[in-house]
Number of protein chains: 2
Amino acid sequence: MSDTNKLTQLIVEFFEKLASWEHCIVRDKGLTLPQIHALEILGTHKALRMKELAERMGVTTGTLTVLADRLEKGGMIRRKPHKADRRSILVELTDQGQVLFKEHDELHNQLTRDITVGLSDTERKMFADILEKLNREF
Amino acid sequence: MSDTNKLTQLIVEFFEKLASWEHCIVRDKGLTLPQIHALEILGTHKALRMKELAERMGVTTGTLTVLADRLEKGGMIRRKPHKADRRSILVELTDQGQVLFKEHDELHNQLTRDITVGLSDTERKMFADILEKLNREF
DNA sequence: TCGTGTAGTTTGATAGTCAAGGTAAAAAGT
DNA sequence: ACTTTTTACCTTGACTATCAAACTACACGA
């Protein structure tokens, strides 16, 4: 097997494990993956237009409308008018959504610590550098 | 911001990009993420029992039943009886499913090549080593 | 053989998803 | 200024994913 094949398998395995972990975590909180995904994006971007959020999530605005309805009903997000463009609607986290986001973000950090526990400082730095390069190439 | 936070962000960004890529790829083929996920697992494991496949996918057997129905109707997989245990059912790829799996697998390899194009041989090897360690810790 | 556990299916309820169509507002063209 | 086109969001209809719970058939141990 080529080096590329092996590396691909390692990436796929890593990806699957991350996905599975996220899935279990959010299910315990009564949320779904798309819902927490929206909260994650809003948590790092303050207010976003529906259109922008939909694009970042990779879904249509129609899909986002119903998703946002549910999150709004659950008290996680808030819609507010866009001053400059009356077609647009801004979405932002409520206080409750902020709390949830921060909790979830801390879980991510804890996971990072857990899985990198066997790495040396050099390796951890190397890993960060490599990820930065990969993200640029995407 | 701590090193852990930064590393977490890099991992999340990498994960999101992988998910988005996979999403776009399978949509072009008229498949869904869970469907291609099942094909990927079956592609590397020959025949699996429904129960085993469900566990690897992280879904209940009820969910897998309807998923398998659709894949079977689409000619991607085949159910066949389990010789030793008549409660169990084995699932395996059809020839058509095999072709699809190999095509998709090759796309993964191509993606690996594309995103690691900026890495040196040393970095690529280091990346593989680190991923192996992380996958073990999971 | 009888009770308990297991594999898979079915069903009902809830979510996610898209495409297509609708409405209102902005932007562009004339 | 007026018309046309584009954009942003919502709605609807159809399909898929998902789980929990109930159900069937089989296995396995006491």
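Sequence lines set the chain letters: A, B, ... in the order given, protein chains first and strands last, and positions in each chain run from 1.
- Spacing between atom CD1 of Ile77(A) and atom P of dC9(D) amounts to 12 Å, rounded to whole angstrom units.
- A distance-only check finds a donor-acceptor pair linking the side chain of Thr65(A) to the backbone of Thr61(A) [under 3.5 Å].
- A salt bridge is defined here as a Lys NZ or Arg NE, NH1 or NH2 lying under 4.0 Å from an Asp or Glu carboxylate O, and Lys125(A) with Glu132(A) fails to meet this definition.
- Residue Thr63(A) places no side-chain N or O under 4.0 Å from the OP1 or OP2 atom of dT17(C).
- Along DNA chain D, the nucleotide nearest Leu64(A) and the nucleotide nearest Gly58(B) are compared for position; the residue whose nucleotide lies closer to the 5' end is Leu64(A).
- Comparing dC9(D), dG16(C), dC26(D) by their nearest atom to the side chain of Arg49(A) picks out dC9(D).
- Atom CD1 of Ile36(B) is separated from atom P of dT17(C) by 18 Å (rounded to the nearest Å).
- Taking 4.0 angstrom as the limit, Thr32(B) places a side-chain polar atom (N or O) nearer than this to OP1 or OP2 of dA17(D).
- Look at Ser88(A) and you won't find any side-chain N or O under 4.0 angstrom from OP1 or OP2 of dA8(D).
- One interatomic measurement links the two molecules: CG of Asp85(B) to C1' of dC26(D), which rounds to 7 Å at whole-angstrom precision.
- With dA27(D), dA8(D), dA19(C) as the choices, the nucleotide that has an atom nearest any side-chain atom of Arg87(A) turns out to be dA8(D).
- The shortest distance between the side-chain N/O atoms of Thr65(B) and the OP1/OP2 oxygens of dG8(C) is not below 4.0 Å.
- Ion pair Lys29(B)/Glu103(B) flagged as a salt bridge, since at least one NZ, NE, NH1 or NH2 atom sits closer than 4.0 Å to an Asp/Glu carboxylate oxygen.
- Phosphate contact (OP1/OP2 of dA15(C), side-chain N/O of Arg70(A), threshold under 4.0 Å): present.
- Nucleotide dA17(D) holds its P atom 5 Å from the CG atom of Leu67(B), rounded to whole Å.
- Residue Leu71(B) contributes atom CG, which lies 16 Å from atom P of dG8(C) at whole-angstrom precision.
- Distances from the side chain of Arg86(A) to the nucleotides dC18(C), dA26(C), dA7(C) place dA26(C) closest.
- A sub-4.0 Å separation between OP1 or OP2 of dC10(D) and a side-chain N or O of Arg79(A) is present.
- For Thr61(B), whose side chain is taken as the heavy atoms from C-beta onward, the closest listed nucleotide among dG8(C), dA26(C), dA7(C) is dG8(C).
- Atom CD1 in Ile89(B) sits about 11 Å away from atom P in dC26(D), given to the nearest Å.
- Rounded to whole Å, the distance from CG on Asp69(A) to P on dC10(D) is 7 Å.
- For Gln35(A), counting side-chain heavy atoms from C-beta on, the closest listed nucleotide (dG16(C), dC26(D), dC18(C)) is dG16(C).
- For the residue pair His37(A)/Glu22(A), the side-chain donor-acceptor check at 3.5 Å is not satisfied.
- Salt-bridge check for Asp69(A) with Arg79(A): passed, with a basic side-chain N closer than 4.0 Å to an acidic carboxylate O.
- Nearer to the 5' terminus of DNA chain C, by closest-nucleotide assignment, is the contact made by Met57(A) (compared with the other of Met57(A) and Ala84(A)).
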